[in-house]
Amino acid sequence: MKLYFSLLLAAVMFVMPVKAQDIEAAAEQLAEAAIELAAESLEVAAVAIDEAAEEIAIEAEPEVAAVGGGSQGRDNSAIDNEFSVGKAIKKFVNQAGFKGFADDWRYAVMILVSFVLLYLAIVKKFEPLLLMPIAFGMLLTNLPGAGMYHPELFAGGHVHWADFALGSGVGLLDYLYLGVKLGIYPCLIFVGVGAMTDFGPLIANPKSLLLGAAAQIGIFATFLGALALGFNYWEAGSIGIIGGADGPTAIYLTSKLAPHLLGPIAVAAYSYMALVPVIQPPIMKALTTEKERKIEMKQLRSVSQREKIIFPIVITVIIALLLPSAAPLIGCLMLGNLMKECGVTERLSKTVQNELMNIVTIFLGISVGATATADAFLNWQTLGILTLGIVAFSFGSASGVLLAKLMNLFSKEKINPLIGSAGVSAVPMAARVSQSVGQQYNHGNFLLMHAMGPNVAGVIGSAVAAGILLAFLPL
């Protein structure tokens, strides 16, 4: 109260008519009183803040103790007592991934396999766009302690959504794999394939559709062979689809029927697709005579834009009505092709062919490679899958050649049987192999466009074959 009276007295003296010396004295007294008041106010405020802080700390202390963790509520003395260099080093060693190699040597083997696949993709250029991401996904999933993929989240062929909702222990590759398990990536790949495919040769020569269908015999022949070797129906169907030489279709079907075999089947499918120039020529030459390999075929007629627009729409309707299980793959394939041919969605077509295709390819490859864990890959089943895969692919190539030879018995216009091997859906590599082998025996023979007919028919055929297996095998 003394301060307030001093301030009041100083103010009265200041406004009264006094001498200059009195005014200066009053001003000094007023300033001193104001400073003293401010200091007293700050001191009171500080005391109040301290008291409030103490109350909050007392209330929060039991809660921290109940939680039992975190740095809050712990002082440095407790940490100093617990810490020692030896314990820290031991903890670091136990957490390091190198310890995993001592626990399970198969990690090291799988990492070496991923290095081999990376070499084939980068140096030998065997299907690098997909084999390289697959190999790197295999590398990531087999790094001990990284915790990027957990097969138990998809055990039993189902997505355990409750574990994803909790979020604890879920790795990056687990989330990426959802696109495979839910059938998203293969269908988007088919949109891109459709946008890059010209169905003109197939429309100009509808007979080539039969050659594409014949090549799918390898799928069902291998299905029977896998059953004979002890695989169940679902595993046999997934193995047989390798014969279609269509990676996205193989991944789509296997993710539905036998997801535990996805890694080996995907590696086999894309490896054999890359080896088309090595596998097919000996089969083609063994099943044809030199005279047959020299057969020249007439130039195909030109196909109008109207025909190219109507074709994907009609094919989608017919196949979806006859075989609904094949509708997702066929529908996406034809959607991409319609974007390309209709002439009014050029921007969409370019996006699907480039940006979307590239992004999905990266995600698909990495997530499929992640399924190639030591448990799933290093076993006798994998060896059987690789063996049956090459059998399926060889049967498919041979069936197309043999059907072309059979068609020549009833056709006036002869078909070069070499184009029958292009019925497998390794687009456009199989068609190029037909062209290459044909040129070796007749330099004036141009088979590329003729071979593209059965080649794109093989894409449709493998999707239809996958739909048939899905329809007959209960999920």
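It should be emphasised that the depicted structure is a prediction, and the values quoted were computed from it without experimental measurement.
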I need the single residue from Glu292, Glu296, Glu290 that forms a salt bridge (charged side-chain N to carboxylate O under 4.0 Å, His left out) with Lys294. Which is it?
Glu290
What about Phe136 and Phe115, are their ring centers closer than 6.0 Å?
no
For atom CE of Met132, decide whether the heavy atoms of other residues, nucleotides or ligands shown that lie under 6.0 angstrom number more than 12.
no
Identified side-chain contact (heavy atoms from CB on, under 4.5 Å) partner of Tyr149 from the options Asp174, Ile366, Leu176
Asp174
To the nearest 0.5 Å, tell me how far Ser462 OG sits from Leu333 CG.
9.0 Å
Heavy atoms, side chains only, cut-off 4.5 Å: are Leu257 and Leu470 in contact?
yes
Salt bridge check, Glu307 against Arg301: does any charged N sit closer than 4.0 Å to a carboxylate O?
yes
Between the side chains of Gln439 and Ser436, is a donor N or O closer than 3.5 angstrom to an acceptor N or O?
no
Whether the side chain of Arg293 engages the backbone of Lys285 through a donor-acceptor N/O pair (distance < 3.5 Å, no angle test) should be reported.
yes
Working to the nearest 0.5 Å, report the span between NZ of Lys405 and CG of Asn416.
10.5 Å
Give me each pair satisfying ring-ring contact (aromatic ring centres under 6.0 Å, His included) with a member in residues 336-374, each pair once, sequence neighbours excluded.
none
Distance (rounded to the nearest 0.5 Å) between Leu229 CG and Ile385 CD1:
11.0 Å
Just checking Phe164 against Tyr175, ring centres under 6.0 Å apart?
yes
Work out which heavy atom in Leu403 is nearest to a heavy atom in Ala214; give both atom names and the distance.
CD2-CB, 3.3 Å
Verify the distance criterion only: is there a donor paired with an acceptor across the side chains of Asn379 and Thr382 at less than 3.5 Å?
yes
Phe395 atom CZ, over 12 foreign heavy atoms within 6.0 Å:
no
Taking all heavy atoms of Ala195 and all of Val352, pick out the closest pair and write down the distance.
CB-CG1, 4.0 Å
Testing Leu153, Leu172, Leu364, Leu262 one by one against Tyr177 for a side-chain contact (heavy atoms from CB on, under 4.5 Å), which residue passes?
Leu262
Yes or no on side-chain contact (heavy atoms from CB on, under 4.5 Å) for Val109 and Leu112, after CA distance, side-chain angles and deciding distance?
CA-CA 5 Å; Val109 174; Leu112 290 177; 5.6 Å; no
Donor-acceptor contact below 3.5 Å, side chain Thr387 vs main chain Leu383
yes
Going by distance alone, is a donor N or O of one side chain under 3.5 Å from an acceptor N or O of the other, for His260 and Glu235?
yes
Within the supplied structure, the quantity of interest is the number of heavy atoms (other residues, nucleotides, ligands) at a distance under 6.0 Å from Glu346 CD; does it exceed 12?
no
Test side-chain contact (heavy atoms from CB on, under 4.5 Å) on Ser434 and Met284; report intermediate values, then the result.
CA-CA 9 Å; Ser434 299; Met284 297 159 68; 4.2 Å; yes
